[in-house]
Amino acid sequence: MSELKDGSWLKFPNFNFDKQQKIFNAKVKALNGRGKLEIRQDNLSGKLLGLIEVSPTENHKKFTMVSGKLKKVDGKNDMFLKFIGTSES
């Protein structure tokens with residue numbers, strides 16, 4: 001996904017959450033400012049499962065790995081990743 005703006009999102013239907021999963025990792029490339037990546041259950045305003053801070057990437061050609069804690073969830077649920085920020089990233 002590219003050219004993310006505040007409110008951009010991705011949906012992963014029927015995501016099989018492993019109750020042992022405690023960390024969420026994502027490869028990102030933020031070009032124009034800071035932002036946050038929310039991990040939400042079932043819908044865009046659903047239970048907040050995790051939050052990852054995204055900082056500008058020094059090398060605009062490379063992705064960087066970011067991580068955040070993930071709250072315990074069992075079974076299959078829709079998972080939403082929602083970008084919160086003020087600039088394109």
For the residue pair M79 and F17, establish whether any side-chain heavy-atom pair is separated by less than 4.5 Å. yes

Of all residues at least two apart in sequence or in a different chain, which pass the side-chain hydrogen bond (donor to acceptor under 3.5 Å, both in side chains) check with S55? R34

Sequence neighbours excluded, the answer for ring pair (Phe, Tyr, Trp, His ring centres under 6.0 Å) partners of F24 is none

In short, G85 meets D6 closest at the heavy-atom pair O-CB, 2.7 Å

Is any side-chain heavy atom of F83 closer than 4.5 Å to one of L10? no

Just jot down the side-chain contact (heavy atoms from CB on, under 4.5 Å) partners of K27, sequence neighbours excluded, or say none. F63, M65

Rounded to the nearest 0.5 Å, the CD1 atom of I23 sits from the OG atom of S67 at a distance of 6.5 Å

Return the NZ to NZ distance between K22 and K72, rounded to the nearest 0.5 Å. 9.5 Å

Check the pair L49 / V73 against side-chain contact (heavy atoms from CB on, under 4.5 Å), numbers first and verdict last. CA-CA 8 Å; L49 302 176; V73 179; 3.2 Å; yes

Those residues that, when tested against N16, pass side-chain hydrogen bond (donor to acceptor under 3.5 Å, both in side chains) (two or more places apart): none

Main-chain N/O of G46 paired to R40 side chain as donor or acceptor, under 3.5 Å: yes

Could you work out, with side-chain contact (heavy atoms from CB on, under 4.5 Å) as the rule, every residue matching K36, not counting sequence neighbours? L51, E53, I84

Using the test salt bridge (Lys or Arg N to Asp or Glu O under 4.0 Å), find all partners of K11 that sit at least two apart in sequence or belong to another chain. D78

By side-chain hydrogen bond (donor to acceptor under 3.5 Å, both in side chains), which residues pair with N14, not counting sequence neighbours? none

Applying side-chain contact (heavy atoms from CB on, under 4.5 Å) to L44 and W9, what does each step give before you reach the verdict? CA-CA 8 Å; L44 290 172; W9 56 273; 3.6 Å; yes

Would I52 and I39 count as a side-chain contact (heavy atoms from CB on, under 4.5 Å) if you check the C-alpha gap in whole Å, the side-chain angles of each, and the deciding distance to 0.1 Å? CA-CA 8 Å; I52 298 174; I39 300 109; 4.1 Å; yes

